[in-house]
Amino acid sequence: VDEFDDDAQDDPILDVPLDELRGDPWKRFKGQAGRVLLRVYKRLYGDKLPPSEMLRTLTLATTLFFMIGGYWLLRSLKDTVLISLCGVQAIPKAKMLSVFVVLGVVSVYNHLLDSSIPKHQLFYVF
């Protein structure tokens, strides 16, 4: 083992603050959980992304998780709810109408982006 190798010189006992080795069990748990999360974070994202960005990365990942989960849930319920409210005959009409509604909303949004309205205000509207 090379004496200058950082991984070989890491001592799990010497790297832990003393108040985490003894004393309050809650502090020990928080310290151990923080080190485990940091290790998992470095394994997932490497050394290129600093740990100071961990909260931002985890917040964005959680947001993406809930957006995909909500989309999946609503997508599976879409046809069932439409059938129970309007009947089977309404499904083709609703799918064709949704294309035109999306095109209209996107064109209005693009027009508003080109206008003098501040972009941060459009973010809150849409």
Okay, side chain of R43, backbone of R39: is any donor-acceptor separation there less than 3.5 Å?
-> no
Pick from V106, V101, V99: which one makes a side chain to side chain contact (heavy atoms under 4.5 Å, CB included) with L103?
-> V99
To the nearest 0.5 angstrom, please state how far the CZ atom of R56 sits from the CG atom of L60.
-> 6.0 Å
Applying side-chain contact (heavy atoms from CB on, under 4.5 Å), run through K42 and L37 and close with a yes or a no.
-> CA-CA 9 Å; K42 284 191 176 197; L37 285 175; over 6 Å; no
Less than 4.5 Å apart, any side-chain heavy atom of D79 and any of K95?
-> yes
If you group Ile, Leu, Val, Met, Phe, Trp and Tyr by side-chain heavy-atom gaps below 4.5 Å, do L113 and V108 land in one group?
-> yes
Provide the closest heavy-atom pair for A94 versus L82 in the form atom of the first, atom of the second, distance.
-> CB-CD2, 3.6 Å
Between the CG atom in L58 and the CG atom in L44, the distance rounded to the nearest 0.5 Å is 9.0 Å
What is the minimum heavy-atom distance between T80 and S76, and which atoms define it?
-> OG1-O, 4.0 Å
Working for side-chain contact (heavy atoms from CB on, under 4.5 Å), residues L74 and K78 | CA-CA 6 Å; L74 290 176; K78 174 184 61 172; over 6 Å; no
Are T63 and M67 close enough, and set up right, to give a side-chain contact (heavy atoms from CB on, under 4.5 Å), and what steps lead you there?
-> CA-CA 6 Å; T63 303; M67 286 176 64; 4.0 Å; yes
With under 30° as parallel and over 60° as perpendicular, where do the rings of Y45 and Y41 fit, or are they tilted in between?
-> tilted
Drop me the distance from L122's CG to K119's NZ, to the nearest 0.5 angstrom.
-> 7.5 Å
In the hydrophobic cluster built from side-chain contacts under 4.5 Å, what are the other members alongside F66?
-> F65
